[in-house]
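Counting from 1, the numbers follow the sequence of the chain as shown. Side chains included, hydrogens not; waters and symmetry mates left out as well; all remaining heavy atoms used.
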Amino acid sequence: MFAKTIISSDAFLDMPQSTQNLYFHLGMNGDDDGFVNKPKSIMRTIGASEDDLRILASKKFIIP
């Protein structure tokens with residue numbers, strides 16, 4: 001589930017669209033505890049970059 005307070009925040013919306021897209025795809029592919037076992041595969045599938053992953057981690061939207 002995605003919280004509107006997160007996805008409508010200025011911090012989230014200030015990120016590039018590719019980073020936001022990666023956030024949603026990681027969330028949709030996570031297990032019940034939020035763990036994703038193939039983030040690189042997801043990134044390749046949607047055309048995200050390593051920078052997108054770094055941005056999410058640096059802004060504390062994900063825990064690597």
Side-chain angles (χ1 to χ4, degrees):
M1 184 190 293
F2 297 101
K4 284 186 180 182
T5 55
I6 300 296
I7 62 170
S8 64
S9 69
D10 286 340
F12 186 82
L13 295 173
D14 283 343
M15 293 188 298
Q17 288 182 356
S18 59
T19 306
Q20 294 176 32
N21 188 35
L22 178 58
Y23 178 80
F24 285 113
H25 279 275
L26 291 172
M28 294 302 296
N29 284 282
D31 64 15
D32 290 343
D33 296 316
F35 290 98
V36 177
N37 67 346
K38 56 180 184 175
K40 301 263 184 187
S41 177
I42 294 166
M43 291 167 60
R44 280 191 296 276
T45 301
I46 65 168
S49 69
E50 289 287 333
D51 281 341
D52 292 320
L53 195 62
R54 279 192 283 274
I55 291 169
L56 288 173
S58 70
K59 293 187 177 265
K60 309 278 193 244
F61 285 103
I62 62 169
I63 301 170

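Residues N37 and N29 form no side-chain contact, since every pair of their non-hydrogen atoms from C-beta on lies 4.5 Å or further apart. In this structure, the side chains of L22 and I55 stay at 4.5 Å or more apart for every pair of heavy atoms. With contacts defined as side-chain heavy-atom distances shorter than 4.5 Å, the pair H25/M43 does not qualify.
From L56, atom CG reaches atom CG of D51 across 11.0 Å, with rounding to the nearest 0.5 Å. For the atom pair CG (D14) and CD (Q20), the distance works out to 9.0 Å, reported to the nearest 0.5 Å. A distance of 14.5 Å separates CZ of R54 from NZ of K59, quoted to the nearest 0.5 Å. Between the CD1 atom of I46 and the CG atom of N21 there is a distance of 4.5 Å, given to the nearest 0.5 Å. With rounding to the nearest 0.5 Å, the separation of CD1 in I6 from CZ in F12 is 9.0 Å.
Atom CG of L13 is surrounded by more than 12 heavy atoms from other residues, nucleotides or ligands within 6.0 Å. Heavy atoms of other residues, nucleotides or ligands lying less than 6.0 angstrom from CZ of F35 number 12 at most.
Checking side-chain atoms of D52 against main-chain N and O of A48 turns up no donor-acceptor pair under 3.5 Å. Side-chain atoms of S41 never come within 3.5 Å of backbone atoms of K38 as a donor-acceptor pair (strictly under, hydrogens ignored). Put simply, the side chain of T19 never gets that close to the backbone of M15: no donor and acceptor are under 3.5 Å apart.
Between F61 and F2, the distance separating the two ring centers is not shorter than 6.0 angstrom.
Between G30 and V36 the shortest heavy-atom distance is CA-CG2, 3.8 Å.
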